[in-house]
Amino acid sequence: MNHIQEKGDDVIITIDGVSKTFDGGIEAVKDFTARIRRQQVVVIMGPSGSGKSTLLRCLNGLEEADSGTIVVDGIPLDDDKKHRLEIRQEVGMVFQSFNLFPHLTVLQNVNLAQMRVRKKSKAEATAKSIELLNMVGIADKVDSYPAQLSGGQQQRVAIARALAMMPKVMLFDEPTSALDPEMINEVLDVMKDLARSGMTMVVVTHEMGFAREVSDWVIFMDEGRIVETGAPQQIFEHPGQERTRRFLSQIL
Amino acid sequence: MIQFALLVAVIGWLVSLSTSTLGYNWQWYRIPRYLFRVQGGRLVAGKLIEGLLFTFRIAGVSLLLALSIGLGTALLRLSDSFMGRLLTRLYLEVIRNTPLVVQIYLIYFVIGPILGLGRFGSAVMALSLFEGSYMSEIFRAGIVSLHRGQWEAAHSLGLSTVDTYRDVILPQAIRRILPPLTGELISLIKNTSLVSLVSLNDLALQARVIAADTFMTFEVWFATALIYLAITAPLSVAVYALEKRLRVLT
């Protein structure tokens with residue numbers, strides 16, 4: 001895995017002292033600090049309720065952090081709505097529940113943001129969409145509606161939809177957790193290809209195989225804090241913390 | 001079908017019972033002239049149909065306005081603007097907690113003259129403000145019933161709030177609210193009958209005038225009810241068909 005060292009070391013996401021408390025007093029994320037570099041694939045793991053999804057959602061402003069700073073590709077995520085919109089245009093996101101637009105066809109789902117946000121013509125957008133749908137292996141379903149697709153197919157469309165914005169970073173929020181076991185691999189394969197193509201990715205997942213194979217860096221979280229971080233081999237084979245060991249023994 | 005026929009028979013029997021005790025003299029043959037007349041070899045609308053056309057006009061204009069007011073109010077209520085939420089809340093409480101008749105009079109006698117609205121303008125304003133308040137709640141319910149993930153997906157793609165509403169939220173919400181919205185359209189058509197209170201020549205006023213002129217109270221009001229029914233019933237059917245066609249699998 002020589003390419004890891006060769007990957008650029010310039011930081012694309014800076015997270016400094018981010019905390020998030022929900023109404024009702026649940027502290028989801030506590031004083032979280034990390035740097036994510038270009039072309040890095042970062043996997044965030046941890047038990048449910050450890051704040052990993054909340055942290056991920058803070059990165060594109062779907063959740064607003066109470067304190068701390070987040071800077072994405074030089075743009076600070078602050079009260080300025082323009083900044084938030086700019087960041088969202090650079091950061092793609094894939095959700096656990098796919099969240100495709102059910103009233104639009106597959107092609108329209110992938111075209112929409114290209115036309116509205118990037119102001120592309122329909123022909124330009126369609127060309128790009130077809131290319132991406134080919135890449136994720138859904139090219140024969142362009143005119144289907146989301147409900148006519150399997151979960152794995154829907155998730156691959158969702159990935160194509162996010163990629164259509166040509167994002168610099170992709171966030172994945174438990175992308176395979178809602179899938180039947182036999183569909184998990186078709187989505188993971190697409191994600192692996194994407195990782196190998198040099199996309200910067202932050203992935204919340206329990207898929208150990210994926211983390212081992214393509215991630216550069218694993219962050220293990222519990223109760224809103226980083227328990228430990230490191231290369232996947234190190235975390236999985238020689239976890240430094242008892243909490244990590246316990247969690248890994250449960251999901252293996 | 002048999003039940004329906006039975007029902008009609010029972011109602012018919014009750015009506016004939018009540019009219020026979022009253023010694024009512026049925027004169028149905030005099031009704032058609034109020035629907036259509038032949039004048040100079042051409043068929044022209046009678047008084048009732050004239051009234052109906054006017055009802056259509058006032059309902060049509062009011063519907064467009066009520067839809068705009070309803071949607072605007074719903075969006076403001078869901079917005080981040082404190083003033084917007086306060087004002088729309090105030091509007092809803094005032095309108096929904098006072099009778100439409102009172103609103104029609106108030107707007108006709110007080111607000112209309114200030115704004116320079118005529119009879120028609122005042123009536124339209126009263127109807128659309130009234131129906132708009134109910135429609136806004138329907139719009140709001142349709143919008144908030146959508147899964148939060150739809151908003152999040154749209155936002156994560158960098159779509160603005162306006163684009164998200166236009167391309168993602170409203171197309172789905174409208175499919176969901178078509179049935180209750182039609183209910184409001186039907187109630188709007190029925191409520192236009194109240195504008196006869198400010199002497200607008202709608203179907204209800206024409207019926208009242210004819211009934212007073214001819215003493216054919218039963219025939220005129222039965223005919224009028226049938227005309228309203230002939231308009232609103234197909235509407236229900238049409239929207240049901242539309243609803244089926246637009247249904248989205250989720």
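The chains referred to below are lettered A, B, ... by the order of the sequence lines, with proteins before strands, and numbering in each begins at 1.
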Note: B:Ser160 and A:Leu85 closest approach over all heavy atoms is CA-CD1, 4.5 Å
Atom OG1 in B:Thr161, atom NZ in A:Lys81: separation rounded to 0.5 Å?
-> 6.0 Å
Note: B:Ser156 and A:Met93 closest approach over all heavy atoms is CB-CB, 3.8 Å
Within the distance-only criterion (no hydrogens, no angle test), does the side chain of B:His147 pair as donor or acceptor with the backbone N or O of A:Asn99 below 3.5 angstrom?
-> no
For atom CD of A:Glu182, is the number of surrounding heavy atoms from other residues, nucleotides or ligands below 6.0 Å larger than 12?
-> yes
For the student: nearest non-hydrogen atoms of A:Phe95 and B:Ala153, plus distance | CE1-CA, 3.7 Å
Report, as yes or no, whether the 6.0 Å neighbourhood of atom CD on B:Glu93 holds more than 12 heavy atoms from other residues, nucleotides or ligands.
-> yes
Count the heavy-atom pairs under 4.5 Å between each of A:Met165, A:Gln108, A:Arg116 and chain B, then report the option with the highest count.
-> A:Arg116
With side chains defined as the heavy atoms from C-beta onward, is the minimum distance between B:Glu152 and A:Arg57 less than 4.5 Å?
-> yes
Any chance CZ of B:Arg85 has more than 12 other-residue heavy atoms, nucleotides or ligands included, within less than 6.0 Å?
-> yes
Does any heavy atom of chain A fall under 4.5 Å from the side chain of B:Asp163, the backbone, both, or neither of them?
-> side chain
Which atoms of A:Phe101 approach chain B - backbone, side chain, both or neither, heavy atom under 4.5 Å | both
Do B:Val168 and A:Leu112 come within less than 4.5 Å of each other through their side chains, counting heavy atoms only?
-> yes
Please examine the side chains of A:His103 and B:Pro171, heavy atoms only from C-beta on, and report whether any two atoms are closer than 4.5 Å.
-> yes
Are side-chain heavy atoms of B:Leu159 and A:Val117 found at a separation under 4.5 Å?
-> yes
Turns out that what part of A:Arg161 lies under 4.5 Å from chain B's heavy atoms comes down to both
A:Phe22 atom CZ: more than 12 heavy-atom contacts under 6.0 Å | yes
Should we count CG of B:Asn97 as having more than 12 external heavy atoms under 6.0 Å?
-> yes
Distance-only, no hydrogens or angles: does the B:Gln150 side chain make a donor-acceptor pair with backbone N or O of A:Leu100 under 3.5 Å?
-> yes
